[in-house]
Amino acid sequence: DAGVIQSPRHEVTEMGQEVTLRCKPISGHNSLFWYRQTMMRGLELLIYFNNNVPIDDSGMPEDRFSAKMPNASFSTLKIQPSEPRDSAVYFCASTLTTGNTIYFGEGSWLTVV
Amino acid sequence: SQQGEEDPQALSIQEGENATMNCSYKTSINNLQWYRQNSGRGLVHLILIRSNEREKHSGRLRVTLDTSKKSSSLLITASRAADTASYFCATVANSGNTPLVFGKGTRLSVIA
């Protein structure tokens, strides 16, 4: 199994631009999570899906952030417009059952200048 | 919040020594998990301990759980330079069907 696949691995963008992060979960996994990691705040859960349905998006910082999961094998996290404080590592993770072991992708390193 | 809090924030030891990291949390849990993150990489699951378990082993790893104190510890025995990484605890609420909530991690440096 290829594991959780995220793209892009690195992105540098200018303030105000739209950023789209992509994730392909492990095949057969029913739950998908988006986390954000910064030095100051650690690893924060932004949103998670069960069976492609968003369950809890209370961690999404602002309306500038949105996430979709159109099918079981693909999810996107979009930031529009981006701001320098959005600079962080964004991780996607998936699991067969929420509450059990989760499997992380390698992360998308976002820098907004 | 039931976020786990690791202690210490950073730990530096010599190769061959044991490393102990602690985690405290605030509310009842279904299980507690430990993850490892190498620099620039994603987190990797190490071990899961359920609320009705007190101790678990996996290779050089030993995890204990004390639900009365709401704390857990991760012991790495005979540490190696390759163990250098950040280690995170994560908890799952009592209902069991909720996502993991992570602490801020312990940065372990093992000096050869």
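We use all heavy atoms of the structure for the numbers below, so side chains are in, but hydrogens, waters and symmetry mates are not. Residue numbering restarts at 1 for every chain, and letters A, B, ... go by the order of the sequence lines. This is a predicted model, so every value here is computed, not measured.
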Item checked: Contact class of A:Glu44 relative to chain B, heavy atoms under 4.5 angstrom -> neither
Notebook entry, point to check: Can you tell me how far CG of A:Leu43 sits from CG of B:Leu43, rounded to the nearest 0.5 angstrom?
Noted result: 6.0 Å
Item checked: Non-neighbouring partners of A:Lys78 that pass salt bridge (charged side-chain N to carboxylate O under 4.0 Å, His left out), sequence neighbours left out -> A:Glu18
Note to self: How long is the straight-line distance from CG of A:Asn100 back to CG of B:Asn30, given to the nearest 0.5 Å?
What the structure shows: 8.0 Å
Margin query: Are A:Val4 and A:Ile47 connected into the same hydrophobic cluster when the rule is that any two of I, L, V, M, F, W, Y join if their side-chain heavy atoms are below 4.5 Å apart?
Written below: no
Item checked: side-chain hydrogen bond (donor to acceptor under 3.5 Å, both in side chains) involving A:Ser87 - partner list, sequence neighbours excluded -> none
Note to self: Within the supplied structure, the quantity of interest is the number of heavy atoms (other residues, nucleotides, ligands) at a distance under 6.0 Å from B:Arg54 CZ; does it exceed 12?
What the structure shows: yes
Margin query: Applying side chain to side chain contact (heavy atoms under 4.5 Å, CB included), can you list everything that pairs with A:Ser7, at least two apart in sequence or on another chain?
Written below: A:Arg22
Check: Is atom CD of A:Glu62 surrounded by more than 12 heavy atoms (other residues, nucleotides or ligands) closer than 6.0 Å?
Finding: yes
Notebook entry, point to check: In terms of heavy-atom contacts, does CD of A:Glu83 have more than 12 from other residues, nucleotides or ligands at under 6.0 Å?
Noted result: yes
Notebook entry, point to check: How long is the gap from OG1 on B:Thr98 to CD1 on A:Ile55, to the nearest 0.5 Å?
Noted result: 12.5 Å
Notebook entry, point to check: A:Phe104 and B:Phe102: aromatic ring centres closer than 6.0 Å?
Noted result: yes
Check: Are there residues of residues 105-113 of chain A that reach to under 4.5 Å of chain B by heavy atoms, and which ones?
Finding: A:Gly105, A:Glu106, A:Trp109
Check: Considering residues, nucleotides and ligands other than A:Arg64, do more than 12 of their heavy atoms fall under 6.0 Å from its CZ?
Finding: yes
Check: Any side-chain heavy-atom pair from A:Tyr35 and B:Leu100 closer than 4.5 angstrom?
Finding: yes
Next item on the list: Answer with side chain, backbone, both or neither: which region of A:Leu45 has an atom nearer than 4.5 Å to a non-hydrogen atom of chain B?
Entry: side chain
Next item on the list: Please report the closest heavy-atom contact between B:Lys104 and A:Met40, naming both atoms and the distance.
Entry: NZ-O, 2.9 Å
